[in-house]
There are 2 protein chains.
Amino acid sequence: MAVRDRRTPVTRGGRGGRPTLEQVAARAGVGRGTVSRVINGSDQVSEQARTAVERAVAELGYVPNRAARALAAGSADAVALVIPEPETRLFSEPYFSDIVRGVSAELAETDKQLLLTLIRSPRERERLAAYLSADRVDGVLLVSVHEGDPLPEMLAAMGLPAVLNGRRAAGEAVPYVDSDNTGGARAAVEHLIGRGRGAIATITGPADMYVASCRLEGYRQALKAADRAEDPGLVAVGDFTEEGGRRAMQELLERRPALDAVFAASDVMAAGALQVLRAAGRTVPDEVAVVGFEDSPVARHTDPPLTSVRQPTEEMGRAMVRVLLDGIAAKDATRERHVVLPTELVVRASG
Amino acid sequence: MAVRDRRTPVTRGGRGGRPTLEQVAARAGVGRGTVSRVINGSDQVSEQARTAVERAVAELGYVPNRAARALAAGSADAVALVIPEPETRLFSEPYFSDIVRGVSAELAETDKQLLLTLIRSPRERERLAAYLSADRVDGVLLVSVHEGDPLPEMLAAMGLPAVLNGRRAAGEAVPYVDSDNTGGARAAVEHLIGRGRGAIATITGPADMYVASCRLEGYRQALKAADRAEDPGLVAVGDFTEEGGRRAMQELLERRPALDAVFAASDVMAAGALQVLRAAGRTVPDEVAVVGFEDSPVARHTDPPLTSVRQPTEEMGRAMVRVLLDGIAAKDATRERHVVLPTELVVRASG
DNA sequence: ATCACTTCTGGGAGCGCTCCCACTCTACTC
DNA sequence: GAGTAGAGTGGGAGCGCTCCCAGAAGTGAT
């Protein structure tokens, strides 16, 4: 007689007695191994056994227990989406929502789960690594990591695959998915040139942000391609906020009153610029054309609606997952996994 | 000789050999049970043992293996945030972002993980229940569930605690956290009345949505409280989209050209109304005052900026988690868990 | 019929925890 | 000094899987 009856033989904690793999095996008249093989799509199973198991699974409504599987297999079947959330409420931006949608969509085709982690304090940041290390996730998607953030390197050291959205700097080593910021900016400015604008100003993001420098680079490329000299007086630095956009526009107006176009490195800054232009009595787009970047909802609600550069945000989310899964599968080789997706200019009334 | 050397004694799959509870026990010179007790904060541990274990944990950098814990304890230490995502890209709305932030913030204090699940097809919807049932989560947060959706009842039948954000209908039985839609609408309309507006129109949401009827009810209450008769001609039905707002405004203008105020049940519809008013040559707020609902970013970027009713969205997220954890803890009693949070009127230039 | 493969298959062992029983101490009480 | 509670503790059993090793069955060549 076995010594086992202090606990009810039925499942203890969880929701009602879900069937186990063992029960499926019994019902199908096969061994556990065979059921496991069928569940995991091994081809080392006879058709007969397969059908028997599949029927049993259906009849019992069997769903594998994730924890048990993770424990036995040593993998988590989950990836984490980590979003550092500094003072600004970055996550509120539709940009992130779109990324999440893409991620979720692509992940739905796997049976991996999506674990959402917002980091809102340095303390949480520290605990994160420990959390992630405890065999809880197979990989990490990092959104909006800033230059100098040690997280990617920490993950790499732990051997945890990771993917960034956006490069932290030129020559980013960690796998990433980015949009073609330079090309997008260039297209925007070329559009302005094509419309006959002569004095095209730009409001950039902070100089130490790589996106910002890419977009500025695009602006320069377009000017150069059109054989125009670049006038430093037409470049003002913003900080990706509306207020920053206002200040920068003010500055530009003072320095170069004759400007007839502005390319802002973000829609929000463009919105700020629009306000200043109006206050200064300049009509948009007649006297000054304005183009933004991102094609956020804001762009549709400014007056006039903003011409802007659209990023394939959702697709970026999807691509991130593909790159990550790739990295998880190839566990060893740190093969170059860099994806840059094209942007698209959306022309509206502002320029 | 034991029969165990076909597999390396070291951990197999996962990232490098993380220490196990057993190793911590050995190092601290205690049994597994004691370590477990310390980790889980039991008070049945002597100070001496506790310190020894704590030191060992620190020295080894021990982090409990989640899968093992879940398997042994029969609980998942995770909750799912389920977001049905119909045609409209609901998730992009800042509203959801804010909910997520609240949820995440509140959850960070527990050691539960947040699992994000977007449902974008009926097929995914069907698979969801099976997924959730496999002991994968301890509870479910449901965002934006529509009337007639069987999900909450399915979860209840499975014994899985769930919390809704927003009621599906009056007398909602499932635990929920909602904002005071009626009160918010009432405050908005009272504000309009207080500013001396005489013919106050309203653009409502779809009649079959409970939120919509609540906001309409608030409109009515305010009129009644001011002893004003309600004019059906001043009520137009929208659908929470910008286009719907435009149509409704058009309709109102045709029916009641003399109206001098509009309360729209959402900012987006208010934005649409604003466009129509401008096209019709009406100045806002001089000739017509406009108030929206939600205080979304759109409200800050319309021209003029929109007076709107702010919901404590992030706090709603937090409250949802609290209610859910409560439900998980009290596994049996389906005690009334209904929370309604107050709103706040944010006055801007539009009315 | 025999041997060597190849394909399938059952089931033991073990993943790292939590639970809980049995047991050892201490500190009181009478 | 025996008797009775606790308070603390160790460790066996088991959670539901995956892995992998032996074998059983089937196939073809000799």
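Here the structure is a predicted model, which is why all the values come from computation and not from measurement. Computation of the quantities below employed the complete heavy-atom set of this structure, encompassing side-chain atoms and omitting hydrogens, waters and symmetry-equivalent molecules.
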| query | Quick one: side-chain hydrogen bond (donor to acceptor under 3.5 Å, both in side chains) pairs with a partner in residues 154-163 of chain A, sequence neighbours left out? | reply |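 Residue pairs passing side-chain hydrogen bond (donor to acceptor under 3.5 Å, both in side chains), neighbours aside: none found.
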| field | Where at least one partner belongs to residues 102-111 of chain B, residue pairs that pass side-chain hydrogen bond (donor to acceptor under 3.5 Å, both in side chains), sequence neighbours excluded | value |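 Sorted result for residues 102-111 of chain B: A:Arg120-B:Ser104, B:Glu106-B:Arg318, B:Glu106-B:Arg322, B:Glu109-B:Arg318.
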| message | Has A:Thr51 got a side-chain atom pairing as donor or acceptor with A:Glu47's backbone, closer than 3.5 angstrom? | response |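 Answer holds: yes.
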| task | Would you check if the side chain of A:His338 reaches a backbone N or O of A:Glu172 as a donor-acceptor pair within less than 3.5 Å? | result |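 Side chain of A:His338 to backbone of A:Glu172: a pair is present.
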Specify the separation, in whole Å, of atom [atom1] of [X] and atom [atom2] of [N].
X: B:Leu71; N: D:dT18; atom1: CG; atom2: P; value: 12 Å
X: B:Asp111; N: C:dC17; atom1: CG; atom2: P; value: 14 Å
X: B:Arg66; N: C:dC15; atom1: CZ; atom2: C1'; value: 17 Å
X: A:Glu22; N: C:dG10; atom1: CD; atom2: P; value: 12 Å
X: B:Asn65; N: C:dG16; atom1: CG; atom2: C1'; value: 6 Å
X: A:Leu21; N: D:dC17; atom1: CG; atom2: C1'; value: 7 Å

| task | Sequence neighbours left out, what pairs pass salt bridge (Lys or Arg N to Asp or Glu O under 4.0 Å) with at least one residue falling in residues 51-65 of chain A? | result |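 Qualifying pairs, neighbours excluded: A:Arg27-A:Glu59.
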| said: Show me the pairs that pass salt bridge (Lys or Arg N to Asp or Glu O under 4.0 Å) and involve residues 149-164 of chain B, at least two apart or across chains. | reply: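 Counting only pairs at least two positions apart or across chains, the salt bridge (Lys or Arg N to Asp or Glu O under 4.0 Å) contacts touching residues 149-164 of chain B are B:Arg125-B:Asp149, B:Glu153-B:Arg168.
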| message | Among residues 26-51 of chain A, which ones have heavy-atom contacts with DNA chain C below 4.0 Å? | response |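 Contacting residues: A:Gly29, A:Val30, A:Gly31, A:Arg32, A:Gly33, A:Thr34, A:Arg37, A:Asp43, A:Gln44, A:Val45, A:Ser46, A:Ala49.
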| Sequence neighbours excluded, which residues qualify as side chain to side chain donor-acceptor pair (under 3.5 Å) partners of A:Thr117? |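 Not a single residue meets the side chain to side chain donor-acceptor pair (under 3.5 Å) criterion with A:Thr117.
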| said: Checking B:Gln48 now: which residues fulfil side chain to side chain donor-acceptor pair (under 3.5 Å) with it, not counting sequence neighbours? | reply: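 Partners of B:Gln48 under the side chain to side chain donor-acceptor pair (under 3.5 Å) test: none.
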| task | Would you work out how much the helix from C:dA1-D:dT30 to C:dC30-D:dG1 bends between its ends, with each end axis defined by five base pairs, to 10 degrees? | result |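 Angle reported: 50°, given to the nearest ten degrees.
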